[in-house]
Amino acid sequence: MNADAVPLLEARGMTMRFGGVTAVNNVDFVLGEVELRCLIGPNGAGKSTFFKMLTGQLTPTAGTVRFRGEDITGAYPHQVARRGVGIKTQVPNVFDGLTVRENVFVAAARLHQARTARRIADETIEHVGLTRIAGRMVGQLAHGQRQWVEIAAVLAQEPDLLLLDEPAAGMNKEEVARTSELIREINKTKALIVVEHDMQFIRMIAKTVTVFNQGSILIEDDVHTVLSNQSVRDVYLGRQAA
Amino acid sequence: MAGAIASGWASFAAMLLAGLVLMFGLPHVFDLFGLLQMTVFVAMAVLALSQGFIWGYGGIMSFGQSAFFGLGGYTYAVAVMNLGDSTGAVALAIALPAAFAALLGYFMFYGRISDAYVGVVTLTVTVILFNVFNSTAGDWYTIGNAPLGGFNGMPSVPPLNIPGHPDEPLDPGQLWYAAMGSLILVYVLLRGVLASRFGRVVVAIRENETRAMLLGYDPRLYKLLTFTLGGGIAGLAGCLFTNWGSFISPTAFSLAQSAQIIIFVLVGGLGTLLGPILGAVAIQYMVTLIGAQQKVDGNLIVGVVLIGFVLLVPQGVVPVVRNVLQRLFVRTPRGGTAPVASEARP
């Protein structure tokens, strides 16, 4: 990344307090164009809260978020989405009463006329591998499939930055492999931030990893450095292995 | 999707044909009294469509659709008494309730109050309007040359006339065509809205507001437009109702009226357009029948019917019948076509 260039996403001094609890404390976070970043950390480390501040679902107590240099702190979620940020939430947010195809169509229809949106929806469904179940109601699908429907919808929205909160949760080994492949492919043209607990999965996709602990960034480095770091093992991996 | 679109067109064509057959056929079946009864049923069906649209598709729970119904009725009465010609009066009877819905909706949706409070606010507004119009007795409450008449309401409201010809009023037989024509037009309009990109987004917001927002849609705007359209349609229903009896009174705003609209939709089927129409006609017909006897209180029976439906057929008649028909006659291939969003279940 060119150091002089304006970063895709730049968060400074991000703090979120809920009453007396500080969920995220003074976090600085910079992401370049077409970068892939993994966020890891134990439960309650503040990862999802951080995501929600980036997308406008929560207004930070302090700090600023800039997207391509423009201040988007405190903007409504739909305004953030329109700048080109797509988010797959931890618990899938999908349209249960609509079919897979309709879910993806609605996502594509924000920017396009119905005819074009239908084409984009079909292409995205094909791309993510959901063609066989495109006519099914999303509410009837298994958890892993619902995750993919949500990813397909986020893709059809044509964002420049995707935030994926636990995209591999509830998936079997094959599905996890397929998802990691998909993420690498998306990363050819788009930037991603991925929150994940599954270390296998992190090893499959990660280049740079940011570790959250107790609302702050513990370490941010190359995946191998991070995973062999002793303090990371202590707060997270060690505890998980125990 | 091609199959779904084709079946969408087929059902639309069938509905349109059925509507036209009824419109031109019923005058040959019923005497004038029967036709007049059907006319008021149809006015109620238009009202039920407004509730069915904003609730079943927009997910907006309004307890006060009768507010726009009553406003439409009063607006028509006041306007036609002042203007002489009914054409502008009808336009006002749609525009004014729609504008009022837009104003009310702006504060509700842009104020980001929760769904339950939308119910409370709409209910309260209806009660306020009921009391306001109830206390408009006396000469002071006269708009132009139209006295509002307090709890007695406004009698002798001039009927619709041929557009531009105030001296050629419609007779009760002709009013039937105007009412049924309006119902068909509203149905066609709503089918069109639901099939459009706008309609898809409205249904999507009902399904998951957070997801719609994260995709870049502003739910407040979509809900406001849905609510406004519903207000205009309810106003049209009020206008038809006033024409039917040449009369409008504050009971149009009553809580019983508001409750009845919700019952129409629940019985017929939430999340359909046909359901509210059938629900309105069936319940109105039943109420009329009950009114002819004196052994049992009418409201009691309507209440029992509602409870029976909520417990036994919570989806309403139309979705249940459709599911049975689909199981019997349509073999859906795995991963094949599913019903389109415009007729999706709640």
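Quick note on labels: first sequence line is chain A, next is B, and so on, each numbered from 1. Computed from a predicted model, the values in this text were never measured in an experiment.
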(request) Please answer whether the main-chain N or O of A/Arg110 pairs with a side-chain N or O of B/Tyr217 as donor and acceptor at a distance below 3.5 Å. (result) yes

(request) State, yes or no, whether a side-chain contact exists between B/Arg211 and A/Val154 at a heavy-atom distance under 4.5 Å. (result) yes

(message) Keeping A/Tyr76 on the side-chain end and B/Asp218 on the backbone end, is there a donor-acceptor pair under 3.5 Å?
(response) no

(request) Measure A/Val85 against the heavy atoms of chain B and call it side chain, backbone, both or neither at under 4.5 Å. (result) backbone

(message) Does B/Arg112, at its CZ atom, have more than 12 non-hydrogen atoms belonging to other residues, nucleotides or ligands within less than 6.0 Å?
(response) yes

(request) Look at atom NZ of A/Lys52 and say whether more than 12 heavy atoms of other residues, nucleotides or ligands are closer to it than 6.0 Å. (result) no

(request) Determine whether more than 12 heavy atoms belonging to other residues, nucleotides or ligands lie under 6.0 Å from atom CZ of A/Arg184. (result) yes

(request) Would you verify whether the NZ or CZ of B/Arg197 falls within 45 degrees of the ring axis of A/Phe105 while also being under 6.0 Å from that six-membered ring's centre? (result) no

(request) Identify which part of A/Glu150 has an atom lying under 4.5 Å from any heavy atom of chain B, answering side chain, backbone, both or neither. (result) side chain

(message) Heavy-atom cut-off 4.5 Å, strictly under: side chain, backbone, both or neither for A/Gln57 against chain B?
(response) side chain

(request) Could you tell me whether a side-chain N or O of B/Asn208 sits under 3.5 Å from a main-chain N or O of A/Val94, the two making a donor and an acceptor? (result) yes

(message) Taking B/Gly216's backbone N and O only, do any of them form a donor-acceptor pair with A/Arg82's side chain (distance below 3.5 Å, no angle check)?
(response) yes

(request) Tell me, yes or no, whether the heavy-atom count around B/Tyr106 atom OH, taken from other residues, nucleotides or ligands under 6.0 Å, exceeds 12. (result) no

(message) Return the CG to NE2 distance between B/Leu215 and A/His78, rounded to the nearest 0.5 Å.
(response) 12.5 Å

(request) Identify the residue among A/Val106, A/Asn103, A/Asp96 that makes a side-chain contact (heavy atoms from CB on, under 4.5 Å) with B/Glu207. (result) A/Asp96

(message) Please determine whether the number of non-hydrogen atoms from other residues, nucleotides or ligands lying under 6.0 Å from atom CZ of A/Phe18 exceeds 12.
(response) yes

